[in-house]
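The analysis underlying the following values was restricted to heavy atoms, covering all of them including side chains, and did not include hydrogens, waters or symmetry mates. Naming convention: chains lettered A, B, ... in sequence-line order (proteins, then strands); numbering from 1 in each chain.
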Amino acid sequence: MFFNARKLSVKPTLDEVQFLMESGYLASDLGRHQQASDIFLGVAALQPNDPTPVAAIGGVLLAAGQINEAVDYLEKALKSFGDEPYLMAHYAEALLFRKENARAKEYFLKAMGKSPQGPAATMARSYIQLIEELEKR
Amino acid sequence: MTDKDSNLSSFRAGDFPRKKTGREAVAAEKVTDALRHYPFLEKLLESDEEVVEQFQAACQNTCRNLDGILKHPSDPQTTAMGQAALASYGQSLKLFAELLEIKYQKLAEQSGQK
């Protein structure tokens with residue numbers, strides 16, 4: 001974990017970062033969880049202040065069925081990044097997979113409150129809708 | 001490529017659906033029906049060889065710089081970060097090489113059909 005570590009002296013270009021991130025998502029989508037995780041970990045090392053690769057690692061853990069590990073990992077990340085909304089939404093997603101619906105909803109709402117227009121809010125809104133539908137059943 | 005990677009053969013950059021498994025699929029069924037897109041990979045795959053080679057050379061240059069960090073003694077965290085970054089480039093370039101191989105295979109098949 002390289003949360004908020006000191007940056008390396010090597011600076012990748014934006015194209016390179018996008019290339020690495022898309023490669024990680026593709027590897028994950030292909031079910032190559034280890035490869036995806038290795039790729040995202042490297043991006044996290046290159047961009048230690050960016051929560052995106054960290055959230056992506058959480059997503060890979062979830063996709064691999066490692067739900068408790070995803071919750072623990074994202075919880076630590078959240079503490080380090082200081083309640084960053086995008087990470088908060090991913091943490092809430094992991095809680096939802098652990099069937100902690102009420103807590104998940106609480107964190108989705110917090111993420112929406114912190115960033116009403118961003119990608120965290122988009123993700124949170126969709127999941128809140130899902131939680132509410134599940135509550136009706 | 002192994003049998004496990006057979007999904008890759010159906011990959012067309014930009015239109016590969018995001019696959020969700022198990023509980024993720026259940027929870028996400030209402031969240032998104034959207035396909036995952038890879039705009040940069042797609043653009044790169046459609047580019048001329050020269051552009052691809054330029055990009056690969058830029059990545060290799062960054063890798064050489066990362067390697068430089070690893071060759072000089074530094075604190076354990078910097079070393080670990082450098083190693084992780086290098087591995088990330090290695091895995092990504094490897095995946096991209098597989099995509100290129102598929103692209104050239106398809107092109108060869110298409111030209112064979114003509």
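For the atom pair CG of A/L26 and CG of B/L95, the computed distance is 5.0 Å after rounding to the nearest 0.5 Å. Taking CG of B/L93 as the reference point, atom CD1 of A/I39 lies at 9.5 Å (rounded to 0.5 Å). To the nearest 0.5 angstrom, A/R32 atom CZ is 9.0 Å from B/Q91 atom CD. A distance of 11.5 Å separates OG1 of B/T62 from NZ of A/K11, quoted to the nearest 0.5 Å.
A/K105 pairs by the salt bridge (Lys or Arg N to Asp or Glu O under 4.0 Å) definition with A/E132, A/E135, not counting sequence neighbours.
Two residues are said to be in side-chain contact when any heavy atoms from C-beta on lie closer than 4.5 Å; B/S92 and A/F19 meet this criterion. In this structure, the side chains of B/L66 and A/L8 come closer than 4.5 Å at one or more pairs of heavy atoms. Proximity of B/Y89 to A/E16: side-chain heavy atoms (C-beta onward) are separated by under 4.5 Å at one or more points.
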Which atom pairs, one a donor and one an acceptor, fall under 3.5 Å between side chains of residues 44-62 of chain A and the rest of the protein, sequence neighbours left out?
from  : atom 1 : to    : atom 2 : distance (Å)
A/D50 : OD1    : A/T52 : N      : 2.9
A/D50 : OD1    : A/T52 : OG1    : 2.8

May I have the list of side-chain donor-acceptor pairs in residues 65-81 of chain A shorter than 3.5 Å, sequence neighbours left out?
from  : atom 1 : to    : atom 2 : distance (Å)
A/N68 : OD1    : A/R98 : NH1    : 3.0
A/E75 : OE2    : A/Y91 : OH     : 2.6
A/S80 : OG     : A/N4  : ND2    : 3.4

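If you tally non-hydrogen atom pairs under 4.5 Å between each of A/D15, A/V43, A/D38, A/L41 and chain B, the highest count goes to A/D15.
Residues of residues 48-61 of chain B lying under 4.5 angstrom from chain A, judged on non-hydrogen atoms, are B/F55, B/A58, B/C59 by number.
At a 4.5 Å heavy-atom cutoff, the contact between A/R6 and chain B is made by backbone and side-chain atoms alike.
Shown here is A/L14, whose CG atom has no more than 12 heavy atoms of other residues, nucleotides or ligands within 6.0 Å.
Taking each heavy atom of A/E22 and B/Y38 in turn, the nearest pair found is OE1-C, 2.9 Å.
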